[in-house]
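Comments concern the structure below.
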Amino acid sequence: MNRSARPQAEGVYCLTDHAVMLVALAAATVVIARNYYYFLANPRPLWNALVHDRNGHYDFAVRMALALRGCQPFKFLSILVGQSKVWPPVHGLLTALVIAPGGPDYRLAVIPSLVGWWMTAVFAFLTARRISVAGGSAAGLIAAALVLASPAYRDYSTDIMLESLGAGLTMMAVYMYAVAVQEASVRAWRNLAIVLTVLFFEKYNYWMLTAIALGAAEILRHPRHCLKTARSVPGRINRQVLDAEMSHPLNLIVIAMLLLMAAFWIRGPQSLKLGPYRISVYPPRDLLTAAYAALMLRVARSAPAGGWRKLFSPSRVKSPRSELVLWHVLPIAASFLLPARLWMFLWYVGPLNHAAEVPVRGMRWATAYYAGAAAYEYHPAAWIAWVVAGALILALAGWRNWRPGGIAVVLLAIIGIAAVVLHPNQQSRFMFSWFAAV
């Protein structure tokens, strides 16, 4: 190609690229609008059980919406902060803002989930296009089409559950990570930090899977640096440092609170009798919060002189690390200072979070169960699932040829599969947040 023809070819390529982008956005919008139209024609089957998580999610949003309509800001904040421990507040807050102008209407309360489905499809398209070396637009269209054709994603898009928006934020975080790695700009890392923070306050376990995948991707990107850092840690710890820390008053408070918490946990729900009064601190959630608060105060006081002032200064030297600390680590760390929130977080993401009446069947049964769910719930036909499985194997074999950031998609899929198979409770919706990565 001669020099005069090259700019014209690049312009045509750019125009085609934008056209494909518009097609993907339009297709996602049409499919989602059509699904919402059919939902409005028959919305009552949404309420098919007296005891269901959606009842709690809707009740949380309705309470905040009524407080907003009644101009009761203190009641609104009390509900937002006090009733968002097991389930974080983002989804309920967005739902409340949607239904507040016209009053409670569950047909409008599903709109955040619809937006989540749209986000999942769009960011699956953008991620596939960005990490592909060649044929990115085609890869993106295939990924978006699979998300839009998925029966599971379609069903949850008109539900008042956390899954749909959680999946959208998960794919958005993966895309933002690919952008940050490829562009290496401070702004891109700040955008990633903000999305991860919103994802944390949408659903804890979705955030944890994504954070582990992105952290592992960073380790694989800089293996030598991470290994050098890990090896240097033991050298910084000696007898003098341990003695100084163990004798520090704040650390002694942490140890005392943890020991007291363990004692109350072993004692059980029996109350303590102090004269005419009976005191019960079981479960000892606030003792864990007190220990955490003392530990955070110790960390804050041990920071270098002027470190916090420099971090919050508008004229500070910005870096990816400082942006992640300021926009992601600090908001989450501060949220754990609220009563019982750290306890609820650890319980929610831990192995104890499963119904006692649900039998634990083991990995073999779980593998067969999730394979069936992938074939018949997340794909419109079993043969499509087999094609996707074969393509996934080929993709995993050639992941080194992807553009930077692509490894995060692989890791999210692998970690998600391992997490659902190993967890004692098996439900097909546990695949929801990470299956778009597949």
Side-chain angles (χ1 to χ4, degrees), residues 14 17-18 20-21 24-25 119-144 146-147 166-200 206-227 229 318-325 327-329 388 391-419 433-438:
C14 185
D17 203 39
H18 286 303
V20 173
M21 176 71 179
L25 294 176
M119 290 171 58
T120 306
V122 169
F123 284 104
F125 167 82
L126 293 174
T127 303
R129 188 178 65 165
R130 179 167 279 272
I131 66 176
S132 299
V133 176
S137 295
L141 289 176
I142 293 172
L146 288 170
V147 171
L169 289 170
T170 297
M171 287 310 303
M172 187 178 184
V174 173
Y175 171 73
M176 291 297 179
Y177 173 76
V179 173
V181 169
Q182 293 177 19
E183 297 184 358
S185 68
V186 173
R187 181 178 180 180
W189 284 101
R190 183 193 310 130
N191 292 339
L192 171 62
I194 293 173
V195 172
L196 284 174
T197 302
V198 176
L199 177 60
F200 175 85
Y206 289 1
W207 166 85
M208 186 175 69
L209 292 173
T210 307
I212 292 174
L214 300 188
E218 279 297 283
I219 292 175
L220 291 178
R221 276 209 319 134
H222 307 287
R224 293 182 179 178
H225 174 73
C226 294
L227 183 61
T229 303
K318 298 179 181 180
S319 65
R321 180 182 299 178
S322 65
E323 295 300 289
L324 286 171
V325 170
W327 295 97
H328 184 55
V329 176
V388 170
L392 177 62
I393 294 173
L394 293 176
L396 293 177
W399 68 268
R400 291 182 180 275
N401 297 324
W402 295 0
R403 298 183 66 195
I407 184 60
V409 183
V410 177
L411 292 172
L412 179 59
I414 294 175
I415 292 170
I417 293 171
S433 71
W434 52 266
F435 201 79
V438 174

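Just so we're clear, the structure is a prediction, and the values are computed from it rather than from any experiment. What you see below is based on every heavy atom in this structure, not just the backbone, and it leaves out hydrogens, waters and symmetry mates.
- One finds the CZ atom of R190 at 11.0 Å from the OG atom of S319 (value rounded to the nearest 0.5 Å).
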Item to complete: Evaluate the criterion side-chain contact (heavy atoms from CB on, under 4.5 Å) for residue pair N191 and V179; output intermediate values, then yes/no.
Response: CA-CA 10 Å; N191 292 339; V179 173; over 6 Å; no

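- The distance from atom NE2 of H328 to atom CD1 of I194, rounded to the nearest 0.5 Å, is 11.5 Å.
- Here the CG atom belonging to L199 is positioned 10.5 Å from the CE atom belonging to M172, to the nearest 0.5 angstrom.
- For residues 167-176, no residue pair satisfies the salt bridge (Lys or Arg N to Asp or Glu O under 4.0 Å) rule, not counting sequence neighbours.
- Pairs passing the side chain to side chain donor-acceptor pair (under 3.5 Å) check and including a residue from residues 168-178, sequence neighbours excluded, read Y177-E218.
- W434 meets the side-chain hydrogen bond (donor to acceptor under 3.5 Å, both in side chains) test with no other residue; sequence neighbours excluded.
- T197 places a side-chain N or O within 3.5 Å of a backbone atom of W327 that can act as its donor or acceptor partner.
- For the residue pair A173 and T210, the shortest heavy atom distance occurs at CB-CG2, 4.0 Å.
- Qualifying side-chain hydrogen bond (donor to acceptor under 3.5 Å, both in side chains) partners for R321, counting only residues two or more places apart in sequence or in other chains: none.
- The shortest heavy-atom contact between V133 and N401 is CG2-O, 2.7 Å.
- The backbone N or O of V186 sits nowhere less than 3.5 Å from a side-chain atom of E323 that would complete a donor-acceptor pair.
- The NE2 atom of H222 sits 11.0 Å away from the OG1 atom of T229 when rounded to the nearest 0.5 Å.
- Residue pairs meeting the salt bridge (Lys or Arg N to Asp or Glu O under 4.0 Å) criterion with at least one partner in residues 168-186, sequence neighbours excluded, are R130-E183.
- Across all non-hydrogen atoms, the minimal contact from A139 to S132 is CB-OG, 3.7 Å.
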Item to complete: For the pair L220 and L411, evaluate side-chain contact (heavy atoms from CB on, under 4.5 Å) and give the outcome as yes or no after the intermediate values.
Response: CA-CA 10 Å; L220 291 178; L411 292 172; 4.1 Å; yes

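- Heavy-atom neighbours of H225 NE2 from other residues, nucleotides or ligands within 6.0 Å: at or below the threshold of 12.
- Counting heavy atoms from C-beta on, the side chains of I414 and I417 never come closer than 4.5 Å.
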Worksheet item: Taking it one step at a time, do V410 and W402 satisfy side-chain contact (heavy atoms from CB on, under 4.5 Å)?
Response: CA-CA 11 Å; V410 177; W402 295 0; 3.4 Å; yes

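- When all heavy atoms are compared, the tightest approach of A419 to L209 is CB-CD2, 3.8 Å.
- L392 is listed as a side-chain neighbour of V438, based on a closest heavy-atom distance under 4.5 Å.
- A 4.5 Å side-chain heavy-atom check between L169 and L196 finds every atom pair outside the cut-off.
- When all heavy atoms of A193 and L324 are compared, the closest pair comes out as CB-CD2, 3.7 Å.
- Side-chain atoms of T127 do not come within 3.5 Å of backbone N or O of A124 as any donor-acceptor pair.
- Taking A436 as the reference, T120, V147, Y153, M171 meet the side chain to side chain contact (heavy atoms under 4.5 Å, CB included) condition, with sequence neighbours excluded.
- Minimum heavy-atom separation, A144 to F125: CB-CB, 4.0 Å.
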